[in-house]
**Student:** 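My structure is below; once you've seen it, I'll send some questions.
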Amino acid sequence: MIRQQLKDILQKLFPEEKIVIDYVPKEKPGDYSTNIAFRIAAQKKMPPYETAQEIASRIHDPMIKSISVHKPAFINFTISNSYMLEKVFSEPEEIDIGKGQKIMIEFVSANPTGPINIASARAAAVGDSLARLLKRTGYNVVSEYYVNDGGRQSTLLAQSVRQRIRELNGKTAEIPEGGYHGDYIIELAKEVKEKGIEDIKKIKKYAIDYFIEEHKRILQAFGVEFNNWIRESSIYEKGYVDDVLNLLQEKNLTYVKDGAVWIKTTKFGDNEDRVIITSDNRHTYLLPDIAYHLDKMKRQHDRLINIWGPDHQAQIKSLQCGITAIGYPRDTLEILIVQQVHLQEAGKLIKMSKRAGVIKTLKELLKHVPKDVVRFFLLMRSNSQPLDFDLDLALEQSDENPVFYVQYAHARIKSIIKKAQEQGIEYGGSFAKNLIKETEEIILVKAILKFPEVIEDAARNFEPYMLTYYLIELARIFHSFYQRLRVINEDKELTHARLALINKTAETIKSGLGILGISCPEKM
RNA sequence: GCGCCUGUAGCUCAACCGGAUAGAGCGACGGACUUCGAAUCCGUAGGCUGGGGGUUCAAAUCCCUUCAGGCGCGCCA
């Protein structure tokens with residue numbers, strides 16, 4: 001990466017300093033810039049501009065065509081075209097920021113009590129892309145889905161199903177307080193009734209298995225597959241819940257109050273202590289959750305990432321304090337909050353509520369909108385940003401839809417290459433790189449070279465949307481190039497060079513879309 | 001009351017650890033297909049970055065304050 005190379009050069013001059021390399025704003029001379037002169041000038045109480053000039057005069061490298069100093073004290077680097085061309089046509093470089101670290105990313109983990117909703121779909125898109133992104137940047141990635149099959153929710157589910165069976169038998173259904181009302185429960189009840197299952201425990205097991213299978217199927221259709229599906233019950237079976245409890249007691253980190261057992265999370269920075277065993281002797285979610293993370297850590301992961309919805313925000317601290325309490329470093333676990341999704345149709349918001357039974361599920365959405373479009377749309381915002389999913393725009397198969405815009409650029413390139421081949425134009429192998437010198441060509445070259453840098457930024461920030469934005473930009477640059485310059489032209493050598501350039505563009509788009517989990521058709 | 005997120009062009013959003021004249025898309029207006037895919041491109045208009053203070057050579061970005069919206073805050077998960 002050019003950015004990294006510049007960084008290294010400056011780092012040698014200023015070993016103590018943190019080097020920052022920025023892109024130069026449009027219309028400004030140069031490609032990259034650094035603010036190092038500001039810092040040095042401030043430290044040595046020297047005039048900034050002169051300091052910048054002095055520093056600039058000390059930098060020499062073959063890849064740098066020229067260095068200029070601007071206004072307060074920016075140092076701008078212009079990279080030589082020949083260097084960029086050499087670079088852009090060489091093998092794509094490996095990016096290794098993970099250094100083989102084993103990282104687990106847990107996401108979706110929707111309760112097996114109903115279909116996957118659109119909020120979870122966003123988590124699925126983000127988590128899956130993040131997994132691909134981290135793999136690409138040198139991490140050893142494991143993806144995991146945690147199935148909450150313990151707890152009270154699953155009992156309520158079983159009871160709700162049983163009531164629906166009563167209803168099917170001509171009696172009135174009395175859905176329990178906090179139970180599940182959705183129509184999907186009726187479908188499930190029909191199945192359970194047909195199988196003649198009556199025992200409540202068996203209904204529960206059947207219902208949970210039913211939803212797990214359902215989730216697996218629908219996520220697969222969405223292009224998301226997990227390495228592991230871990231059930232809460234398996235954590236109990238391994239005895240980890242008891243282990244955690246014992247460990248906490250040994251460390252004197254629990255106490256009894258009002259008949260309940262509390263964990264002293266305040267010792268680790270929580271706002272208040274938390275209950276882990278209720279006065280009627282049930283575990284709260286926190287205890288098995290800590291145990292589950294103990295399990296994750298026992299499996300030798302260097303880092304853990306969880307992707308949660310905003311409604312779980314309050315639990316972050318408790319869980320982090322909890323795993324600190326059992327002796328793991330605090331920064332082992334990072335929890336990313338992915339904000340909610342609002343479904344929009346004809347400018348109107350559609351409210352989602354599981355309880356009321358009017359859910360917009362991923363399954364329903366995929367019936368109307370292609371997988372690629374759904375994924376792309378869900379990856380267009382930073383995690384912390386709430387997202388409006390515009391159904392009308394998503395259904396639009398034309399100019400407004402950014403997915404097609406990007407895919408179209410790729411298809412267009414493939415079409416040109418095909419055309420060239422039909423005309424018997426050979427390309428591949430060596431060619432005169434220096435024929436590429438038009439403004440639009442160079443802009444395209446720079447955009448392609450930026451790709452690994454974007455990958456790095458996206459991976460470091462855990463933000464796949466950065467890549468989404470980049471791909472739109474790259475497509476735009478290509479379309480613009482296409483409009484101005486002909487790839488297939490009278491000049492055989494130039495045609496050869498341009499074919500190689502657009503082919504590189506297509507490879508980059510394909511690679512980027514691949515990380516987003518979006519297909520990249522050759523024709524559309 | 002407390003915690004987290006958000007407030008940028010008419011709309012939806014960018015702006016990487018604080019950097020240069022705050023950028024795109026949509027919408028509006030005006031142009032470009034005898035030629036490699038017009039699902040495209042080019043141009044014009046549109047901004048006191050919610051308000052007010054502060055820190056800094058430099059603030060949309062950091063701090064304080066205020067206003068507005070969203071989501072949480074259980075011996076539920």
Side-chain angles (χ1 to χ4, degrees), chain A residues 18 20-28 33 35 38 41-42 47-49 70-74 76 111 113 148 150-154 156 178 232 257-262 271-272 274-286 288-289 309-317 337 339-340 342 344 347 380-388 390 393 396-402 404-405 407-409 411-420 423 453-454 456-458 460-461 463 465-466 469 472-473 475-476 478-489 495 498-499 502 523-524:
Chain A
K18 186 175 184 187
V20 177
I21 303 288
D22 279 311
Y23 297 110
V24 168
K26 265 184 193 170
E27 315 299 324
K28 295 280 175 188
S33 82
N35 62 358
F38 288 103
Y49 190 78
H70 297 271
K71 269 190 198 163
F74 293 105
N76 290 12
N111 283 350
T113 52
N148 233 297
R152 201 152 70 164
Q153 299 307 315
S154 45
L156 283 168
E232 183 184 349
K257 193 180 89 183
D258 303 332
V261 180
W262 299 66
N271 309 348
E272 47 194 302
R274 307 287 166 176
V275 170
I276 47 175
I277 301 178
T278 66
S279 51
D280 55 355
N281 208 30
R282 289 178 296 116
H283 297 158
T284 64
Y285 74 90
L286 185 57
D289 255 21
D311 49 335
H312 290 75
Q313 181 264 126
Q315 294 160 36
I316 295 177
K317 217 166 197 178
I337 292 292
Q339 286 292 328
Q340 69 254 50
H342 301 291
Q344 230 175 20
M380 283 206 303
R381 297 283 171 266
S382 98
N383 298 333
S384 63
Q385 191 80 231
L387 184 151
D388 287 330
D390 188 330
L393 181 57
E396 192 98 32
Q397 297 228 352
S398 67
D399 48 344
E400 292 177 37
N401 197 319
F404 295 118
Y405 185 81
Q407 288 179 330
Y408 178 58
R412 211 177 202 186
I413 292 169
K414 287 296 174 183
S415 163
I416 297 168
I417 291 172
K418 199 176 158 206
K419 185 117 189 171
Q423 293 180 9
E453 299 172 355
V454 172
E456 186 191 351
D457 288 343
R460 281 195 198 284
N461 291 297
E463 290 280 19
Y465 88 96
M466 290 180 164
Y469 264 82
I472 295 172
E473 187 195 331
R476 189 186 350 270
F478 166 73
H479 286 310
S480 192
F481 155 92
Y482 169 88
Q483 211 72 28
R484 252 269 293 148
L485 302 168
R486 287 190 60 82
V487 175
I488 300 171
N489 58 73
T495 300
R498 284 187 179 158
L499 281 170
I502 64 169
K523 257 187 258 176
M524 47 192 292

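Each chain gets a letter, A, B and so on, in the order its sequence line appears, and its residues count up from 1. Predicted, not measured: the structure shown is a model, and the values here were computed from it.
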**Student:** For A:Asn461 and B:A14, give me the distance from atom CG to atom C1', rounded to whole Å.
**Tutor:**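 Atom-to-atom, A:Asn461 to B:A14, this comes out as 14 Å.
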**Student:** Looking at B:A14 and A:Tyr469: do their rings stack (centroid distance under 5.5 Å, interplanar angle under 30°)?
**Tutor:**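 The base of B:A14 is not stacked with A:Tyr469 (the test needs centres under 5.5 Å and planes under 30°).
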**Student:** Roughly how many Å is it from CD1 in A:Ile488 to C1' in B:C36, rounded to a whole number?
**Tutor:**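 Going from A:Ile488 (CD1) to B:C36 (C1'), I get 4 Å.
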**Student:** Checking all strands, does A:Arg274 fall into the base, sugar-phosphate, or nothing category for heavy-atom contacts under 4.0 angstrom?
**Tutor:**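 It contacts nothing in the nucleic acid.
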**Student:** Could you tell me the separation between the NZ atom of A:Lys18 and the C1' atom of B:G19, rounded to a whole number of Å?
**Tutor:**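 In whole Å, B:G19 C1' lies 15 Å from A:Lys18 NZ.
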**Student:** Not counting sequence neighbours, which residues clear side-chain hydrogen bond (donor to acceptor under 3.5 Å, both in side chains) with A:Asn383? List them please.
**Tutor:**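 Result, side-chain hydrogen bond (donor to acceptor under 3.5 Å, both in side chains) vs A:Asn383: A:Glu463.
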**Student:** Stepwise, does the side chain to side chain contact (heavy atoms under 4.5 Å, CB included) test hold for A:Tyr482 with A:Ile413?
**Tutor:** CA-CA 9 Å; A:Tyr482 169 88; A:Ile413 292 169; over 6 Å; no
**Student:** For A:Ile337 and for A:Leu286, locate the closest nucleotide of RNA chain B by heavy-atom distance; then report the residue assigned to the nucleotide nearer the 5' terminus.
**Tutor:**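 Its nearest nucleotide lies further toward 5', so the answer is A:Ile337.
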**Student:** Could you tell me whether B:C33 is syn or anti, where syn means a glycosidic angle within 90 degrees of zero?
**Tutor:**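 Base orientation: syn.
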**Student:** Restricting to side-chain hydrogen bond (donor to acceptor under 3.5 Å, both in side chains), what partner residues turn up for A:His312, sequence neighbours left out?
**Tutor:**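 Here no residue qualifies.
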**Student:** In terms of ring plane angle, is the pair A:Tyr465 and A:Tyr469 parallel, tilted or perpendicular, where the classes change at 30° and 60°?
**Tutor:**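 Rings of A:Tyr465 and A:Tyr469: perpendicular, as their planes differ by over 60°.
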**Student:** Which of the following nucleotides, B:C41, B:A77, B:C36, is nearest to the side chain of A:Tyr482?
**Tutor:**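 Given the options B:C41, B:A77, B:C36, the side chain of A:Tyr482 is closest to B:C36.
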**Student:** With heavy atoms under 4.0 Å as the rule, sort A:Asn271 into base, sugar-phosphate or nothing.
**Tutor:**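 No contact.
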**Student:** Is the base of B:C57 syn or anti, if syn means a glycosidic angle within 90° of 0?
**Tutor:**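 Base orientation: anti.
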**Student:** Does any non-hydrogen side-chain atom of A:Gln423 lie less than 4.5 Å from one of A:Ile488?
**Tutor:**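 Yes, their side chains come closer than 4.5 Å.
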**Student:** Just to confirm, is there a sub-4.0 Å distance from OP1 or OP2 of B:C75 to any side-chain nitrogen or oxygen of A:Ser279?
**Tutor:**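 Looking at the OP1 and OP2 atoms of B:C75, neither is under 4.0 Å from any side-chain N or O of A:Ser279.
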**Student:** Establish whether the base of B:C16 is bridged to the side chain of A:Asp22 by a donor-acceptor pair shorter than 3.5 Å.
**Tutor:**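 Yes.
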**Student:** I'd like a table of atom pairs between the protein and nucleotides 6-9 of chain B - only N or O on both sides, under 3.5 Å - with the distance next to each one.
**Tutor:**
{"residue": "B:U6", "atom": "OP1", "partner": "A:Ser384", "partner atom": "OG", "Å": "3.3"}

**Student:** Write down the distance between NZ (A:Lys414) and P (B:G37), rounded to a whole number of angstrom.
**Tutor:**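 So the NZ-P distance, A:Lys414 to B:G37, works out to 14 Å.
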**Student:** Shorter than 3.5 Å, N or O on both sides, protein versus nucleotides 56-63 of chain B: list them out with atom names.
**Tutor:**
none

**Student:** Using a heavy-atom cut-off of 4.0 Å across all strands, would you classify A:Asn76 as base, sugar-phosphate, or nothing?
**Tutor:**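 Here A:Asn76 touches the bases of the nucleic acid.
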**Student:** With a 4.0 Å cutoff (strictly under), does any side-chain N or O of A:Lys26 reach OP1 or OP2 of B:A24?
**Tutor:**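 True: A:Lys26 side-chain N/O within range (under 4.0 Å) of B:A24 OP1/OP2.
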**Student:** For A:Ser384, give me all partners under side-chain hydrogen bond (donor to acceptor under 3.5 Å, both in side chains), at least two apart in sequence or on another chain.
**Tutor:**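 Here the qualifying residues are A:Ser382.
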**Student:** Considering heavy-atom distances to RNA chain B, does A:Glu272 or A:Ile472 have its closest nucleotide positioned more toward the 5' end?
**Tutor:**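 Of the two residues, A:Ile472 wins.
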**Student:** Which whole-number value in Å describes the distance from A:Tyr405 OH to B:G37 P?
**Tutor:**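 Checked: the OH to P distance equals 17 Å.
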**Student:** Any base atoms under 4.0 Å from A:Ser415, or only sugar-phosphate, or nothing? Heavy atoms, all strands.
**Tutor:**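 Answer is base: heavy atoms of A:Ser415 come under 4.0 Å of a base.
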**Student:** To the nearest Å, how far apart are A:Asp457 CG and B:C16 P?
**Tutor:**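 After rounding, the reported distance stands at 10 Å.
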**Student:** Looking across every strand, which nucleic acid part, if any, lies under 4.0 Å from A:Lys523 by heavy atom: base, sugar-phosphate, or nothing?
**Tutor:**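 Base: the residue A:Lys523, judged by heavy atoms under 4.0 Å, touches a nucleobase.
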**Student:** Is there any protein nitrogen or oxygen under 3.5 Å from a nitrogen or oxygen in nucleotides 42-48 of chain B, and what are the pairs?
**Tutor:**
{"residue": "B:C42", "atom": "OP1", "partner": "A:Ser480", "partner atom": "OG", "Å": "2.9"}

**Student:** So, for A:Ser154 and A:Gly150, which heavy atoms are closest and what is the spacing to 0.1 Å?
**Tutor:**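 Taking A:Ser154 first and A:Gly150 second, the nearest heavy atoms are OG-O, 2.5 Å.
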